[in-house]
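Counting convention: from 1, in listed order, for ligands and their atoms alike.
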Amino acid sequence: MKANTGVKMIPLQGEAFGKPMVIYPTLLWDDDRAVLVDTGMPGSWETIRQEMLRAGIPPERLQAIILTHQDLDHIGSLPEIVRELGGQVEVYAHELDQPYIEGTRPLLKTNAQSMAPILAMLPEKEREHLQWLCENPPKAMVHKTLADTEILPYCGGIRIIHTPGHTPGHISLYVQDSKTLIAGDAMVYMNEALRGPIPQTTLDMEMAVNSLKKFENLEITSIICYHGGMCQNNVEEQLHALIR
Ligand SMILES: Nc1ccn([C@@H]2O[C@H](COP(=O)(O)O)[C@@H](O)[C@H]2O)c(=O)n1
């Protein structure tokens, strides 16, 4: 029997890096399990938990967290979720971003040196907070690393697509049942238009643009961008216009 599967974005509103920001982790579920894709900034777990309850998914059902990459706004609440749910949750990420998430290497972007220009512009209280996060970044163990083309057996099958560029281990996810592409930061959705990677926060633009080719042959009905949310208008036409 086919499981009942679902996809729901969890909008998180707040201030990050000196600007107001809305970001969109995604909740996936089937009859008995739930999966969270990305965890928001530090301190977001309570909002995520409330949104899970509103969707009728008890937090105890959360069995996996998939991190699209190492950036602070994606891994921020990972330690608090793992602390609360403990051994029931498996954490997944690509092996190239694993050491940063586990804290054995400093985060590639959210470190005091890279963030210096932003830190210098912030009011004192926010600067101290971001400085503290740069020096004490969230970290937690990655239990399983993910490889390109692998299919995780949750929620009708989640295909892993390695899309390096924004970070070396950036992944996107294709949710087979609903034909939803969870693009992480490989693309953004702004003013009802799908756009490519953002140069200001992408470590290797050429690689990031090249990674979009991996979406070319997918049948897609919706794209969830971490920045901008869900794109459902002329999805394939918009996507093909970005692929060079
Ligand atoms: N103005 C900014 C915003 C963010 N950063 C750093 O880049 C990382 C990725 O940010 P996204 O908004 O693309 O998710 C973020 O974790 C910050 O470290 C930045 O340098 N300047």
Side-chain angles (χ1 to χ4, degrees), residues 9-26 36-44 48 65-80 93-94 96-103 105-123 126-140 142 163-173 181-191 193-209 211-212 223-231 242:
M9 294 191 301
I10 300 186
L12 298 175
Q13 309 205 19
E15 181 97 358
F17 315 115
K19 284 197 200 131
M21 186 159 85
V22 186
I23 48 182
Y24 295 89
T26 302
L36 179 65
V37 183
D38 290 326
T39 68
M41 289 292 282
S44 305
I48 295 171
I65 295 174
I66 305 175
L67 299 165
T68 58
H69 62 291
Q70 62 174 281
D71 284 343
L72 180 67
D73 49 335
H74 296 254
I75 66 165
S77 293
L78 179 63
E80 58 208 79
H94 192 276
L96 292 177
D97 274 19
Q98 178 183 20
Y100 306 94
I101 296 165
E102 292 187 338
R105 286 194 202 157
L107 294 176
L108 284 171
K109 296 176 210 164
T110 320
N111 59 67
Q113 199 182 350
S114 306
M115 298 299 290
I118 292 178
L119 286 165
M121 288 182 340
L122 291 177
E126 284 87 341
R127 182 172 63 245
E128 280 175 7
H129 180 58
L130 186 55
Q131 177 91 40
W132 186 88
L133 280 172
C134 288
E135 287 158 12
N136 302 276
K139 57 184 167 189
V142 173
T163 44
H166 188 75
T167 68
H170 186 283
I171 53 170
S172 305
L173 312 175
L181 176 66
I182 302 175
D185 287 356
M187 295 182 282
V188 298
Y189 189 50
M190 278 170 68
N191 304 323
L194 196 61
R195 310 212 173 161
I198 297 284
Q200 294 90 320
T201 57
T202 295
L203 293 175
D204 185 331
M205 266 307 276
E206 193 183 337
M207 192 183 274
V209 170
S211 285
L212 301 180
I223 299 179
I224 298 177
C225 297
Y226 202 67
H227 298 278
M230 189 173 289
C231 169
L242 295 177

Undergrad: Return the minimal non-hydrogen interatomic distance between A112 and C134, and the atom names on each side.
TA: N-CB, 3.7 Å
Undergrad: Can you tell me which portion of H227 lies within the under-4.0 Å heavy-atom range of ligand 1? Options are side chain, backbone, both, or neither.
TA: side chain
Undergrad: Under 3.5 Å between some N or O of ligand 1 and some N or O of D185?
TA: yes
Undergrad: Near L72, which atoms of ligand 1 are under 4.0 Å from a heavy atom of that residue?
TA: 16 (O)
Undergrad: Looking only at protein heavy atoms, identify the closest one to atom 13 (O) of ligand 1 and say how far it is in Å.
TA: T201 OG1, 3.0 Å
Undergrad: Is the shortest heavy-atom distance from the side chain of I118 to the side chain of R127 under 4.5 Å?
TA: no
Undergrad: Could you check atom 9 (C) of ligand 1 against the protein and tell me its nearest heavy-atom contact, residue, atom and distance included?
TA: D71 OD2, 3.0 Å
Undergrad: Starting from atom 3 (C) of ligand 1, which protein heavy atom do you reach first, and at what distance in Å?
TA: F17 CD1, 3.7 Å
Undergrad: Would you say that L12 contacts P25 through its side chain, given a criterion of any heavy-atom pair below 4.5 Å between the two side chains?
TA: yes
Undergrad: Could you check if a side-chain atom of C225 sits within less than 4.5 angstrom of a side-chain atom of L194, using non-hydrogen atoms only?
TA: yes
Undergrad: Under 4.0 Å, heavy-atom basis, I'd like to know which part of T110 is in contact with ligand 1: side chain, backbone, both or neither.
TA: both
Undergrad: Anything under 30° is parallel, anything over 60° is perpendicular, the rest tilted; go ahead and classify H69 against H166.
TA: perpendicular
Undergrad: Show me which atoms of ligand 1 lie under 4.0 Å from any heavy atom of I118.
TA: 1 (N), 2 (C), 19 (C), 20 (O), 21 (N)
Undergrad: Check each atom of ligand 1 against the heavy atoms of D73 and keep those under 4.0 Å away; list them by number with element.
TA: 11 (P), 12 (O), 14 (O), 16 (O)
Undergrad: Taking the ring of H170 and the ring of H94, is the distance between their centroids below 6.0 Å?
TA: no
Undergrad: With the side chain counted from C-beta on, respond yes when P197 and L212 share a heavy-atom pair under 4.5 Å apart, and no when they do not.
TA: yes
